[in-house]
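One structure is given here, and the rest of the page talks about it.
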Amino acid sequence: MAPLQSGVKQLADGSSQLTGGLDELNSKTGTLASGVAQLAGGSSQLSAGLDQLNSKTGALSSGVSQLANGSGQVTNGAVALNKGISELQSKSGALVTGVSQLKDGSAQLNVAVPQYVGGVYQLNSGIQKLDANTGELVGGIKQISSGASDLNSGINEYTTKVSDGTSTLQSGIASLANNTKDLPSSVGQMKSAVDSIAGGSKQLYGANSQVSNGLNQLSSQITPSDMSKQASALKSELNSINSQLAALSKTDVSGGNNSSAASSISSQLNKIKSDVGALASSAKTTTTTKAAPASSGVSQATINAKIDGAGLSAEDAAKAKAALAGVAGSGASTAQSTTTSQTIDTSKISAIQGEISSVEGQVSKLNSLSSKQADLDAKIATLSASFQKVASGINSLSANGDEMATLATKIKALAQGSQSVTDNLKVLSDSSSKLSGAVDKFSGSASKLSDGVSQLNNGASDLASQTNKSSDNVKKLTSGAQTLDTALTTINGQMPALQSGISQLTQGSSQLSGNGAALVNGVSQLNGGISTASSQMPTLVSGVGMLAAGSNQLVGGSSQVTGGLNQLDGQIPALVGGVQQLDSGSHTLNSGLQTLNGSTGTLISGVQQLDSGSHTLNDGLQTLNGSTGELIDGVNKLNAGASELDANSDQLLDGSKQISDGNGTLADSLEEGSKQVNSVPLTSKTAQMFAAPTHLKQTDYSYVPNYGHALAPYVLSLALYVGAIVFNFAYPIRKISKRGGTATDWFLSKVSVGTAVALGMALIEATIMMVAGIHVDHVGQYYLTAIMIALTSMYIVMFLSMAFDNPGRFVAMILLMLQLGGSGGTFPMEVTNSFYNAIHPFLPLTYSILSFRQSITSGLGNITVVQSMGALLLFAIIALALLWFSMVQLQKKHLEGKSQLDDNQKLQEVER
């Protein structure tokens, strides 16, 4: 606080210097007089400039209107932008939900694509196998076609040579009986071997399931240490499986010589069948017709019974019955002719053929078992080779522990291959079980086969007698063979198209398999991109929210700008009127300065008074210098307030940051809007729209015909105030009408006179002005204003005259001078100095001038009259109250009736 004390001291010193300066100023008043003359010249130049400004107000009004319209368009664009951003913000939730769903679906797709690619690889492998076996299929069909041709020629040859085979039938059947005597025991051995295969295949299936499980565990737990342990366990399991496959492959299901015996039996049956055919075709018959009982031939029921008793399957028995249908019953009718003793009995030949077909069915079953054994051996060999490959892969895997991580994908493929092997073992186990059941069924039929061969030997002699009746069936067989040959030829012709289709399928599958890795990579990239988009969605939603907030601020700010411009546009007429008033006032100022130039003597006197006042100021500053303690306390309070302001500076910074962010958003939006505006092509119409977007339409809300009408409110108010002063200079305000009255009686007697005089002045002056030619828009408001300012002025001057006598009248004159510049009657207050602006609200003429302007030319609104009347009424009431109080005090001091004005009047009488 020491600097403050020193500052006060310096202020006191400065006051002393000011006093000295004012003394010097007092000595320089002559120079001031010359400066005032120069100021008068400058005022003339100001009047000329204001005249030029007044001539440019029309262009200013047009430009402000265009600016207001353009701001309105900007506001409309900002509102549309805000609406779009709000809609975007409302849709951001659905966008986030959709991206989340897309992310979940992508994750599922990412999981499913490797499975799909694995399936494509398996499909490609199967199609490659199909393509590799297509040649064998084509070759087989060609062989079938060639066999069908051979069958057709063989049937023809059979029909010609059947008679030659009858002679050798008996020897063949005997040999057949000799070769089938050991068949039941061989079938028993085959059954035990098949059971052994079924048990081994089940053990293989269980062991390989453990292998598959181990590979799956190894695939899911791919770590170098665990992989070594799993590989060792898997290796031991595969060694066990390989040993079981080796033992299984050595098992002879065919029972030693069963396969060769079946082949021998089949060849002998074919020979016997050909002999029977030859016997039937070579038979010579001479017949005589006579009535006879039923023929001794074999019936169809007998043949069917024998077929059923042969132990064939339902399908084989049905085929045999269909082949022998129509052969029996040729002698069933009682009216049929019978052959002579030279004719061979065809029913016996048919019975022999039926027995041969039955035996062939059993032999075909044996051959089927042999073929199944061959397929089984092939599958076991394939499985053994696959397991050896798996074992070698595991050995390599165990030996190269450092490459465990690299071989993780190969282990997964190995697991899939092991699972495929497990599935094949399941099929093998099921097939072995079915084969065991078929062997059981065939073992029961082995003894029946031996009995059938015996019956075949007995019926061989009957075959010759029925040979003649088999010619029709041979013809059907020949026709069927020809049809089969034709169909196989057609199929053989379609095989190139089949091979081409399989090749195309193989190429497409290879291409699809080759693109599997790219598909997996693409799905992974898609999943990563969707995850990135999903992670950025909160930032997007937050940015949309900030954009919406900035848009709202933009709309609000643009609306405020538009509203301000509209208000400015609405105030342009008032500005034009003000410029006109300023122009007229400049002329008045010029005349006033001329008057001031002539009143420099009075100014010099004022400077002298100012010099005297500076001495008083100096004394006051000395007093201030002695009161610095109190000033220091005030400074401490100011410091506390500054600390509180500093404590809240963070909030102020936050607010300024928000304003900065909003300004950034506004800048971005305005830049975006400017881009949209720049994107509009510039044509002559567009240029005309930007140059003059609107047409100015001017509407007068008030009309002031000339400068005299503009100054009428000021002159009317001033005249009524001057009238009140003149009346109080002439009227003995302190004189009493009678002694002994109260102060209130005295107050009422004076106020009644003053009120009557004020009313008269107001009515007479207002009427004269209207008669003189002034046009008044609101006559009632006009007279009310005149009466109120007359009464207020009268009461104020009466108070000053009553309370202070002649000095009071002088104060009334000073108040008149203050109201000349501070009431705003000549110049707008905006161009007046701060002192007059400070006292402007406290001057009665301020409100009377406003009310007169509304009542004469309108434009300010009736509310202006109401407010002005209220203010004048308040001034009048205060003046009356002070007048009554002063009269009470004068009566108490017995000063009633005593006035300096009486001396003035006496001096006037002396002068007369």
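The first residue in the sequence is number 1, and the count goes up from there.
From Leu791, atom CG reaches atom CG of Leu872 across 10.0 Å, with rounding to the nearest 0.5 Å. With values rounded to the nearest 0.5 angstrom, Leu763 atom CG is found 5.0 Å from Ile787 atom CD1. Leu711 CG to Phe852 CZ: the interatomic distance, rounded to the nearest 0.5 Å, is 14.0 Å. Separation of atoms CZ (Arg853) and NE2 (His709) is listed at 14.5 Å; rounding is to 0.5 Å. The distance from the CD1 atom of Ile789 to the OH atom of Tyr721 is 9.0 Å, given to the nearest 0.5 Å. Atom CD1 of Ile849 and atom CG of Leu718 lie 8.0 Å apart (nearest 0.5 Å).
For CZ of Phe885, the number of neighbouring non-hydrogen atoms (other residues, nucleotides, ligands) closer than 6.0 Å is 12 at most. Within a 6.0 Å radius of CD in Gln889, other residues, nucleotides and ligands contribute more than 12 heavy atoms. More than 12 heavy atoms of other residues, nucleotides or ligands shown are found within 6.0 angstrom of CE on Met829.
Between Met869 and Leu784 the shortest heavy-atom distance is SD-CG, 3.8 Å. The two residues Gln66 and Ala691 come nearest to each other via the heavy atoms OE1-O, 3.3 Å. Gln819 and Pro844 get closest at one heavy-atom pair: OE1-CD, 3.0 Å. Here the shortest heavy-atom pairing between Met802 and Ser886 reads CG-OG, 3.8 Å. Nearest heavy atoms, Leu716 versus Glu765: O-OE1, 3.5 Å. Of all the heavy atoms in Ala712 and Ile856, the pair that sits closest is CB-CD1, 4.4 Å.
Contact of the Met798 side chain with the Leu880 side chain is not registered, since no non-hydrogen atoms from C-beta on lie closer than 4.5 Å. In this structure the side chain of Tyr731 never reaches within 4.5 angstrom of the side chain of Val757, judged on heavy atoms. Side-chain contact check for Thr742 versus Trp746: every heavy-atom pair is 4.5 Å or farther apart. Proximity of Val722 to Phe727: side-chain heavy atoms (C-beta onward) are nowhere separated by under 4.5 Å. Residues Leu820 and Tyr714 have side chains in contact (heavy-atom distance under 4.5 Å, counting atoms from C-beta outward). Looking at heavy atoms from C-beta onward, Ile796 lies in side-chain contact with Leu815 at the 4.5 angstrom threshold. Considering only heavy atoms from C-beta on, Met770 comes within 4.5 Å of Val779 through its side chain. Under the 4.5 Å side-chain criterion, counting only non-hydrogen atoms from C-beta, Pro705 is in contact with Tyr703.
The closest side-chain donor-acceptor pair between Asn837 and Ser834, if any, does not fall under 3.5 angstrom. Between Ser848 and Ser717, the side chains place a donor N or O and an acceptor N or O closer than 3.5 Å (distance only, hydrogens not considered). A donor-acceptor contact closer than 3.5 angstrom is absent between the side chains of Tyr847 and Thr792.
Put simply, the side chain of Ser793 never gets that close to the backbone of Ala790: no donor and acceptor are under 3.5 Å apart. At distances below 3.5 Å, at least one donor-acceptor pair connects side-chain atoms of Tyr782 with backbone N or O atoms of Ala766. Remark: side-chain polar atoms of Lys892 are not paired, donor with acceptor, to backbone N or O of Met887 under 3.5 angstrom. Counting only distance, with no hydrogens or angles, the side chain of Gln891 and the backbone of Ala743 share a donor-acceptor pair below 3.5 Å. At least one donor-acceptor pair closer than 3.5 Å links the side chain of Asn728 to the backbone N or O of Ala724. Under the 3.5 Å distance criterion, the side-chain polar atoms of Gln854 are left unmatched by any main-chain donor or acceptor of Val865. Side-chain atoms of Asn833 come within 3.5 Å of backbone N or O of Tyr836 as a donor-acceptor pair. Checked by atom type and distance alone, the side chain of Thr846 never pairs as donor or acceptor with a backbone atom of Phe842 at under 3.5 Å.
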Go through the steps for Tyr795 and Val751 under the test side chain to side chain contact (heavy atoms under 4.5 Å, CB included), then give the verdict. CA-CA 8 Å; Tyr795 296 151; Val751 170; 4.1 Å; yes
May I have the step-by-step check of side chain to side chain contact (heavy atoms under 4.5 Å, CB included) for Leu800 and Arg809, ending in yes or no? CA-CA 6 Å; Leu800 294 173; Arg809 294 180 179 89; over 6 Å; no
Start with the C-alpha distance between Thr785 and Ser851, add both sets of side-chain angles, then the distance that settles side-chain hydrogen bond (donor to acceptor under 3.5 Å, both in side chains), and finish with yes or no. CA-CA 6 Å; Thr785 303; Ser851 183; 2.5 Å; yes
Decide side chain to side chain contact (heavy atoms under 4.5 Å, CB included) for Met794 and Thr755; before the verdict, give the C-alpha distance in whole Å, the side-chain angles of both, and the deciding distance to 0.1 Å. CA-CA 7 Å; Met794 182 63 73; Thr755 300; over 6 Å; no
Please determine whether side chain to side chain contact (heavy atoms under 4.5 Å, CB included) holds for the pair Tyr707 and Gln581, giving the CA-CA distance in whole Å, both sets of side-chain angles, and the decisive distance to 0.1 Å. CA-CA 8 Å; Tyr707 186 62; Gln581 293 179 4; 5.9 Å; no
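In terms of the side-chain hydrogen bond (donor to acceptor under 3.5 Å, both in side chains) criterion, residue partners of Asp777 (sequence neighbours excluded) are, by chain and number, His775, Ser858. In this view, Tyr783 and Thr767 satisfy the side-chain hydrogen bond (donor to acceptor under 3.5 Å, both in side chains) rule, not counting sequence neighbours.
Each of Val715, Ile764, Ile774 was checked for a side-chain contact (heavy atoms from CB on, under 4.5 Å) with Met769, and the lone residue meeting it is Ile774.
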